[in-house]
Undergrad: 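I have a structure here, written as structure tokens, and I will follow up with some questions on it.
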Amino acid sequence: MDFVRERVAADRASGVDGGRVITRFPPEPNGYLHIGHAKSICLNFGIAQEFGGQCHLRFDDTNPTKEETEYVESIQEDVRWLGFAWSGEVRYASQYFEQLFEYAKQLVRKNLAFVCDQTGEEMRRTRGSLTGPGSPSPFRERSAKVNLDLLERMRQGEFPEGARTLRAKIDMGSPNMNMRDPVMYRILHSAHHRTGASWCIYPTYDWAHGLSDAIEGITHSICTLEFENHRPLYEWFLKAIDRLPHQDRAPPRQIEFARLNLTYTVLSKRKLLELVQEKHVAGWDDPRMPTLSGLRRRGFTPAAIRRFCEQIGVAKFNSTVDRVLLENALRDDLNRSAPRAMAVLRPLKVVIENYPQDQVESLVAQNNPEDPAAGSRQIPFGREVWVERDDYKDEAPKDWFRLAPGKEVRLRYAYYVTCQRAVRDPATGEITHLVCTYDPATRGGDSPDGRKVKGTLHWVACASAVSAHVRLYDHLFGESHPESAAGDGDYKAFLNPNSLESITAAQLEPSLAEAQPGSRWQFERLGYFIADVVDSRPGRPVFGRIVTLKDSWAKLEKKLPGGGRQPAKT
RNA sequence: UACCCGGUGGUGUAAUGGUAACACUAGUGGUUUUGGUCCACUCAUUCCAGGUUCGAGUCCUGGCCGGGUAACCA
């Protein structure tokens, strides 16, 4: 059990919240959710589920200049897709604006807040530094009466943007910058995506967040590490206000955990927005993006993402999780659920010279060896078949189980074939096709004499093959830690130029032609693929690779003298 | 030259004063009609130095290293 859950368990046991557990997931609607948010969602909703509590979805919409309805919608869709249901209606910090304003007036009356006329520049100058104290605002000692009047006029729109703020009166000498008379309200003559033009002053995060928690009766307010220094302020506000709702219970407690970092990508809204705006990717849902919408289009399953979040745990150590963990969670899920099919990405023709010229037969293939209930299907076989270009070599290296002159392999579910020779175009030297012979006694893929063959190849009969577009994705960044590799430079310098490879004429077995958009398949020996939700149509499929299968030959090959080629990644 | 928070195999997390565990990676071997899956085995003197204790990854002290913090962002 992680430290957050331990804390929740202890609080529940002690009865401070009357046995209640209420958490919240509080995104700002200024961007799309990514895998890092999934960690927070799984934590907050997971804890609520495990402890018989509730989790609220609350938009932290206190900055109208950055927030949009588009994001409000995508966020809800992503949370639902992940498999979670929030308690009650969707909530918004903005629905508490009136209440917050009343509390602000209360603080003014108690002389705990004041209207400050300093400019942003002046405030910055007088805030002091990390090592030295700040100095009080000259407006700090205004009377409650004046402050109340000014605050009301701020709200009425009498003053231009930036002219005044409402500040908490705490301690300009505090070693914690957040306690140096932080701003509670600023004037922003901007329309808000929910409250429209009814407000021209907006609460800051610190002022709005803890109070929203208190109003909703949140017991545990779980957030990321960078808010650790804000906790004293969070507690100060809650303590300063009289007559908060739910006063029979303990106030909400803020608990901080380390945000997720993942190798070969970036996970900050700002940077992801930049990638979208500068068109390094096709959009928020580009299958290479770590956004939930990107992962969804890529073919990740909600179960795999939830499993991943379980596996990485929750702690306060700043860490970077290896992307293979995410991929493995997915392989695990898809291995059990994805039906198998055969597809050849880079086709090389094989002519079986002793196979009857116009014969076509139908062979039985299992749909999923991991799941007998998935049944079987018929696949056509003929004299000419496509095999993978990479499955043939003129000279077989050590431990090569695939095709080479004189080598016998099995065509999966079909026959043993032996490679006789490669035929080349005399002009270019390119291999045009392979000539093989087959053993009719091995129909289905077993030899009656018990002779073993180590290699099994996937294949597609030429006569009935379906040609299709397939997209292969690789890491968005070529560097495992693009941000630290960039240092002060541009992380975008490490974008992987080969993160998308388009294959225009892959050859698929006929059953794949009618694949439903969004359906996931394992192409045998290659990886998991999804019929693209946007571009694929039954009869004219377009597939994207979700993730490769593990490839122990690629590993072996790298250790061979000569090193081998750079294998395709995920 | 301030305050807050951290430091356990390659990676990420456990161990709540009592045999350093689990997952992934890597390596080795086995099974296999996917070089997939599956199975077995191997891989750490817990940042350093003192101290407390019968006993310290855990408690104390001092270092070292890393992260966060000076928006009218969240």
Side-chain angles (χ1 to χ4, degrees), chain A residues 1-3 6 26-28 30 60-63 65-67 116 118-120 123-125 127-134 161-167 174-180 182-188 201-202 204-206 208-209 223-232 256 258 263 269-270 310-329 331-332 335-336 340 342 365-366 369-370 399-402 410-414 416 442 444-446 452-458 522-527 548-557:
Chain A
M1 186 151 55
D2 60 74
F3 80 99
E6 276 175 11
E28 183 188 15
N30 68 342
D60 221 333
D61 55 349
T62 56
N63 186 352
T65 64
K66 291 187 177 171
E67 296 153 6
C116 182
Q118 283 186 316
T119 64
M123 221 182 273
R124 202 168 309 122
R125 246 190 5 254
R127 190 162 22 237
S129 72
L130 291 177
T131 52
E161 208 159 295
R164 293 186 219 260
T165 57
L166 182 73
R167 292 225 258 167
S174 172
N176 183 342
M177 284 285 180
N178 297 119
M179 302 298 272
R180 320 246 261 227
V183 170
M184 295 164 62
Y185 279 101
R186 72 282 211 191
I187 299 172
L188 249 27
I201 61 172
Y202 290 93
T204 54
Y205 166 84
D206 288 304
H209 198 90
C223 63
T224 45
L225 248 29
E226 67 270 27
F227 293 104
E228 217 157 15
N229 293 328
H230 292 242
R231 194 185 338 137
E256 311 86 11
T263 55
K269 279 192 191 171
R270 202 207 94 224
E310 241 169 73
Q311 286 175 338
I312 58 176
V314 180
K316 298 191 74 163
F317 180 64
N318 254 303
S319 61
T320 302
V321 175
D322 194 328
R323 198 191 155 91
V324 299
L325 214 64
L326 215 206
E327 291 166 357
N328 268 317
R331 289 189 182 107
D332 214 54
N335 177 48
R336 275 172 284 148
R340 320 279 126 131
M342 291 203 280
Q366 276 188 279
E370 299 295 314
D399 292 325
W400 177 257
F401 305 152
R402 285 115 99 146
R410 170 169 41 233
L411 294 181
R412 179 149 229 226
Y413 300 125
Y416 283 16
T442 58
D446 273 315
K452 296 287 180 204
V453 99
K454 281 218 168 171
T456 298
L457 269 43
H458 62 281
Q522 186 197 95
F523 290 178
E524 297 224 24
R525 299 212 305 139
L526 297 174
T548 60
L549 251 26
K550 283 186 191 161
D551 186 350
S552 57
W553 167 250
K555 258 188 240 174
L556 238 185
E557 193 180 30

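To find a chain, count down the sequence lines: A is the first, B the second, and so on, and within it residues start at 1. Any value given below was found using the heavy atoms of this structure, including those in side chains, with hydrogens, waters and symmetry copies removed.
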Undergrad: Across the strands shown, which category fits A:Thr165 at heavy-atom distances under 4.0 angstrom: base, sugar-phosphate, nothing?
TA: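 It contacts base atoms.
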Undergrad: So what does A:Gln522 touch, heavy atoms closer than 4.0 Å: a base, only the sugar-phosphate, or nothing?
TA: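 Base contact - A:Gln522 has a heavy atom under 4.0 Å of at least one base atom.
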Undergrad: Regarding A:Leu225, tell me which of base, sugar-phosphate or nothing describes its non-hydrogen contacts under 4.0 Å with the strands shown.
TA: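 Contact class for A:Leu225: none.
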Undergrad: Does this structure show an ion pair linking A:Glu256 with A:Arg231, if we count only N-O contacts that are shorter than 4.0 Å?
TA: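 Judged by the 4.0 Å cut-off on N to carboxylate O distance, A:Glu256 and A:Arg231 do form a salt bridge.
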Undergrad: Taking any heavy-atom pair under 4.0 Å as a contact, classify A:Thr320: base, sugar-phosphate, or nothing.
TA: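 It contacts sugar-phosphate atoms only.
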Undergrad: Any N or O donor-acceptor pair linking the side chain of A:Glu370 to the base of B:G36 at under 3.5 Å?
TA: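 Donor-acceptor pair under 3.5 Å: yes.
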Undergrad: I want to verify the glycosidic state of B:A49; is it syn or anti under the 90° rule?
TA: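 Base orientation: anti.
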Undergrad: Please determine if a side-chain N or O atom of A:Lys550 lies less than 4.0 Å away from the OP1 or OP2 oxygen of B:U25.
TA: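 A:Lys550 to B:U25 OP1/OP2: side-chain N or O found under 4.0 Å.
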Undergrad: Within the structure shown, what part of the strands sits under 4.0 Å from A:His209 by heavy-atom distance: base, sugar-phosphate, or nothing?
TA: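 A:His209: no heavy atom of the nucleic acid under 4.0 Å.
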Undergrad: With nearest nucleotide decided by heavy atoms, which residue, A:Arg412 or A:Val314, maps closer to the 5′ end of RNA chain B?
TA: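 Going by which nucleotide is closer to the 5' end, it is A:Val314.
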Undergrad: Compare the minimum distances between each of B:A71, B:U37, B:G35 and the side chain of A:Arg127, then state the nucleotide with the smallest one.
TA: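 Per side-chain heavy atoms of A:Arg127, the pick is B:A71.
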Undergrad: Does the base of B:U69 carry an N or O that pairs as donor and acceptor with the side chain of A:Glu226 under 3.5 Å?
TA: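 Answer is no: no donor-acceptor pair is held.
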Undergrad: Is A:Phe317 stacked on the base of B:G6 when the test is centres under 5.5 angstrom and planes under 30 degrees?
TA: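 Base of B:G6: not stacked against A:Phe317.
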Undergrad: Regarding A:Glu524, tell me which of base, sugar-phosphate or nothing describes its non-hydrogen contacts under 4.0 Å with the strands shown.
TA: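 Counting heavy atoms under 4.0 Å across all strands, the contact made by A:Glu524 includes a base.
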Undergrad: What interatomic distance, in whole Å, is found between C1' of B:G68 and the corresponding atom of B:G35?
TA: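 47 Å, rounded to whole Å.
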Undergrad: Could you check whether A:Asn178 gets within reach of a base, just the sugar-phosphate, or nothing at all, counting any heavy atom under 4.0 Å?
TA: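 Nothing: the residue A:Asn178, judged by heavy atoms under 4.0 Å, touches no strand.
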Undergrad: Per the atom types in the model, does the base of B:G35 pair as donor or acceptor with the side chain of A:Arg525 at under 3.5 Å?
TA: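 Looking at the base of B:G35, it does not pair with any donor or acceptor on the side chain of A:Arg525 (distance under 3.5 Å).
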Undergrad: Classify the nucleic acid contact of A:Leu130 as base, sugar-phosphate or nothing, counting any heavy atom under 4.0 Å across all strands shown.
TA: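 Answer is base: heavy atoms of A:Leu130 come under 4.0 Å of a base.
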Undergrad: Between B:G10 atom C1' and A:Arg323 atom CZ, what is the distance in whole Å?
TA: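 The distance from CZ of A:Arg323 to C1' of B:G10 comes to 19 Å, rounded to the nearest Å.
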Undergrad: Base, sugar-phosphate, or nothing for A:Thr119, non-hydrogen atoms under 4.0 angstrom?
TA: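 Since a base atom lies under 4.0 Å of A:Thr119, the category is base.
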Undergrad: Name the nucleic acid region contacted by A:Asp2, choosing base, sugar-phosphate or nothing; use a 4.0 angstrom heavy-atom cut-off, strictly under.
TA: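 Sugar-phosphate: the residue A:Asp2, judged by heavy atoms under 4.0 Å, touches backbone atoms but no base.
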Undergrad: Would you kindly check whether a donor in the side chain of A:Arg336 faces an acceptor in the base of B:U37, or vice versa, at under 3.5 angstrom?
TA: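 Under the 3.5 Å cut-off, the side chain and the base do not form any donor-acceptor pair.
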Undergrad: Side chain of A:Thr456, heavy atoms from C-beta onward: which of B:A70, B:U34, B:A14 has the nearest atom to it?
TA: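 Among B:A70, B:U34, B:A14, the one nearest the side chain of A:Thr456 is B:U34.
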Undergrad: Classify the nucleic acid contact of A:Tyr185 as base, sugar-phosphate or nothing, counting any heavy atom under 4.0 Å across all strands shown.
TA: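 It contacts nothing in the nucleic acid.
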Undergrad: Check every strand shown and say whether A:Gln118 touches a base, only sugar-phosphate, or nothing at a heavy-atom separation below 4.0 Å.
TA: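 The residue A:Gln118 makes base contact.
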Undergrad: Is the phosphate of B:U25, meaning OP1 or OP2, less than 4.0 Å from a side-chain N or O of A:Asn328?
TA: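 A:Asn328 to B:U25 OP1/OP2: side-chain N or O found under 4.0 Å.
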Undergrad: Side chain of A:Arg186 only, please: which of B:C4, B:G36, B:C73 is the nearest?
TA: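 The answer is B:C73, which lies nearest to the side chain.
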Undergrad: Measure CG/A:Leu457 against P/B:U32 and give the value in whole Å, please.
TA: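 Answer to the nearest Å: 19 Å.
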Undergrad: Looking at B:C24, B:C4, B:A14, which one has an atom nearest to any side-chain atom of A:Ala315?
TA: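 Within the option list, the nearest is B:A14.
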Undergrad: From the set B:G36, B:C72, B:G35, return the single nucleotide nearest to any side-chain atom of A:Arg402.
TA: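 That would be B:G35.
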Undergrad: Distance only, no hydrogens: is a donor on one side chain within 3.5 Å (strictly under) of an acceptor on the other, for A:Arg410 and A:Thr456?
TA: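 Indeed, the side chains of A:Arg410 and A:Thr456 share at least one donor-acceptor pair under 3.5 Å.
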Undergrad: For A:Glu310, enumerate each residue passing the salt bridge (charged side-chain N to carboxylate O under 4.0 Å, His left out) test, keeping only those at least two apart in sequence or located in another chain.
TA: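 Testing A:Glu310 for salt bridge (charged side-chain N to carboxylate O under 4.0 Å, His left out), a comparison that skips the adjacent residues, returns A:Arg307.
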Undergrad: Below 4.5 Å, heavy atoms only, C-beta onward: do A:Asn328 and A:Gln311 meet side chain to side chain?
TA: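 No, their side chains stay 4.5 Å or more apart.
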Undergrad: Expressed in angstrom and rounded to an integer, what is the separation of A:Gln311 atom CD from B:U25 atom P?
TA: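 Distance, rounded to whole Å: 10 Å.
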Undergrad: Would you mind reading off the distance between A:Glu256 atom CD and B:C3 atom P, rounded to a whole angstrom?
TA: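 It is 19 Å, rounded to the nearest whole Å.
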Undergrad: What integer distance in Å separates A:His230:NE2 from B:A71:P?
TA: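 So the two atoms are 11 Å apart, to the nearest Å.
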Undergrad: OP1 or OP2 of B:C73 versus the side-chain N and O atoms of A:Thr204: is any pair under 4.0 Å?
TA: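 Answer is no, no contact under 4.0 Å.
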Undergrad: Just call it for A:Leu411: base, sugar-phosphate, or nothing, with non-hydrogen atoms closer than 4.0 Å on any strand.
TA: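 Nothing, no heavy atom under 4.0 Å.
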Undergrad: Looking at every strand, decide which applies to A:Arg164 at a 4.0 Å heavy-atom threshold: base, sugar-phosphate, or nothing.
TA: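 Since no nucleic acid heavy atom lies under 4.0 Å of A:Arg164, the category is nothing.
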Undergrad: Whenever both distances are under 3.5 Å in a Watson-Crick or G-U wobble pair, mark it; put RNA chain B into dot-bracket that way, with [ ] for crossing pairs and | when the partner is on another strand.
TA: .((((((..((((....[..)))).(((((.......)))))....(((((..]....))))))))))).....
Undergrad: Could you work out which one of B:C5, B:A2, B:U13 sits closest to the side chain of A:Thr131?
TA: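 In terms of side-chain proximity for A:Thr131, the closest of B:C5, B:A2, B:U13 is B:A2.
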Undergrad: Starting the side chain at C-beta, find the nucleotide from B:C5, B:U13, B:U34 nearest to A:Lys316.
TA: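 Nearest to the side-chain atoms of A:Lys316, counting from C-beta on, is B:C5.
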Undergrad: Quick one: does A:Arg331's side chain get under 4.5 Å of A:Gln522's, heavy atoms only?
TA: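 Result no, sub-4.5 Å side-chain heavy-atom pair not found.
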Undergrad: Please confirm whether the shortest side-chain N or O distance from A:Arg231 to OP1 or OP2 of B:C4 is below 4.0 Å.
TA: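 False: A:Arg231 side-chain N/O out of range (4.0 Å or more) of B:C4 OP1/OP2.
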Undergrad: Which atoms form the tightest heavy-atom contact between A:Pro182 and A:Asn178, and what is the distance?
TA: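 Smallest heavy-atom distance, with atoms named: CG-O, 3.3 Å.
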Undergrad: Among B:A70, B:A74, B:G36, which is the nearest nucleotide to the side chain of A:Ser129?
TA: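 From the listed options, B:A70 comes nearest.
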Undergrad: Tell me: NZ of A:Lys555 to P of B:U25, nearest whole Å?
TA: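 So the NZ-P distance, A:Lys555 to B:U25, works out to 7 Å.
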